[in-house]
Amino acid sequence: MNFLYAIFEKLLVMFHGMTGNFGVAIILLTIFIKIVLLPLTLKQDKSMKEMKKLQPKIEEIKKKYGSDPQLMNQKTMELYKEHKVNPAGGCLPILIQLPILWALFGVLRKEGVVPDESFLWFSLVTPDPYFILPILNGVVSFVQQKVMGTSDNPQMKNMMYMFPIMMVFISYKMPGGLQLYWLVSSLTGVIQQYFVMKKGE
């Protein structure tokens, strides 16, 4: 993890040297990380798209074999195998990304790396005083759920409303720099998911 800390810190300082502004440097670093992780996130998004296509058939299996959980699981796995879909395909990329995300969070939290500098209406080292960034993060999270087609799944429909609220609650105490990273990362993720999910429809 220390290795990643050092890399991200050097990249952030480099982008600051190019732009003269730590807010812009955080945006550039976020985009750089998204580009590096693009193959993994594309794999994750495509796996989610295939799972979405199979959802009606999965619901049919649940209705037909719901009284026999073992047979229901067997039929579900047969369906995955028939369509060459790995239900865990979207999990591995997320697990690989976690150390990278935590390392970046650590850099942005580290005292002395990002100064008490203002960007737009907020400070990079203290929470957004107007709660605009947390609310934007919640809105983007809601849009992300819509793009993923979560509302088509009755079991996940509630999450479409609960998750954005959780995002606001989690992020409102974060330093402005972290909130900025989260917002830019989510926005680029929504754009990517939109094109992946809509392609071929």
Side-chain angles (χ1 to χ4, degrees), residues 4 8 11-12 14-16 18-49 52 90-91 93-109 114 117-152 156 159-201:
L4 289 176
F8 289 149
L11 285 171
L12 186 61
M14 181 188 73
F15 286 132
H16 176 259
M18 293 167 54
T19 63
N21 184 289
F22 269 103
V24 178
I26 290 171
I27 293 174
L28 291 178
L29 178 59
T30 306
I31 294 173
F32 174 80
I33 291 172
K34 294 293 286 187
I35 292 172
V36 172
L37 295 178
L38 187 60
L40 291 174
T41 53
L42 280 176
K43 181 178 179 181
Q44 175 186 338
D45 291 343
K46 288 176 181 177
S47 177
M48 291 166 60
K49 180 181 178 180
K52 180 185 174 183
C91 299
I94 295 175
L95 293 176
I96 295 175
Q97 290 178 56
L98 283 177
I100 297 174
L101 297 179
W102 279 115
L104 180 59
F105 282 174
V107 170
L108 294 178
R109 287 194 188 104
V114 179
E117 180 178 296
S118 294
F119 180 69
L120 299 177
W121 68 89
F122 58 92
S123 167
L124 296 174
V125 297
T126 58
D128 180 354
Y130 305 112
F131 305 108
I132 295 174
L133 286 174
I135 292 172
L136 286 176
N137 277 318
V139 171
V140 172
S141 177
F142 178 81
V143 173
Q144 200 166 22
Q145 300 292 317
K146 293 285 286 186
V147 171
M148 289 163 53
T150 304
S151 58
D152 296 335
M156 297 295 292
M159 284 301 296
M160 186 176 69
Y161 300 99
M162 292 300 298
F163 193 70
I165 296 173
M166 289 170 55
M167 290 304 304
V168 174
F169 181 77
I170 291 170
S171 66
Y172 85 100
K173 286 187 176 181
M174 286 182 178
L178 281 177
Q179 294 184 29
L180 178 62
Y181 158 76
W182 199 283
L183 180 61
V184 175
S185 181
S186 297
L187 281 172
T188 53
V190 166
I191 294 171
Q192 175 186 307
Q193 285 177 345
Y194 175 81
F195 285 106
V196 171
M197 293 294 182
K198 297 301 178 182
K199 186 178 179 182
E201 290 188 358

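Numbering of residues begins at 1 and proceeds along the displayed sequence.
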Determine all donor-acceptor pairs shorter than 3.5 Å in which one atom belongs to a side chain in residues 174-182; sequence neighbours excluded.
{"from": "Q179", "atom 1": "NE2", "to": "S171", "atom 2": "O", "distance (Å)": "3.0"}
{"from": "Q179", "atom 1": "NE2", "to": "M174", "atom 2": "O", "distance (Å)": "2.6"}

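- Partners of L136 by side-chain contact (heavy atoms from CB on, under 4.5 Å), not counting sequence neighbours, listed by chain and number: I132, L183.
- Under the side chain to side chain donor-acceptor pair (under 3.5 Å) criterion, D128 pairs with W121, not counting sequence neighbours.
- Annotation: ring-ring contact (aromatic ring centres under 6.0 Å, His included) contacts of F15 (sequence neighbours excluded): none.
- We find the CZ-NZ distance between F131 and K173 to be 10.0 Å, quoted to the nearest 0.5 Å.
- Ring planes of Y172 and F169: tilted class, angle from 30 to 60°.
- Using modelled atom types, one side-chain atom of T188 and one backbone atom of V184 make a donor-acceptor pair closer than 3.5 Å.
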Give every donor-acceptor pair under 3.5 Å between a side-chain atom in residues 22-33 and any protein atom, sequence neighbours left out.
{"from": "T30", "atom 1": "OG1", "to": "I26", "atom 2": "O", "distance (Å)": "2.7"}

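- Qualifying side-chain contact (heavy atoms from CB on, under 4.5 Å) partners for V168, counting only residues two or more places apart in sequence or in other chains: P134.
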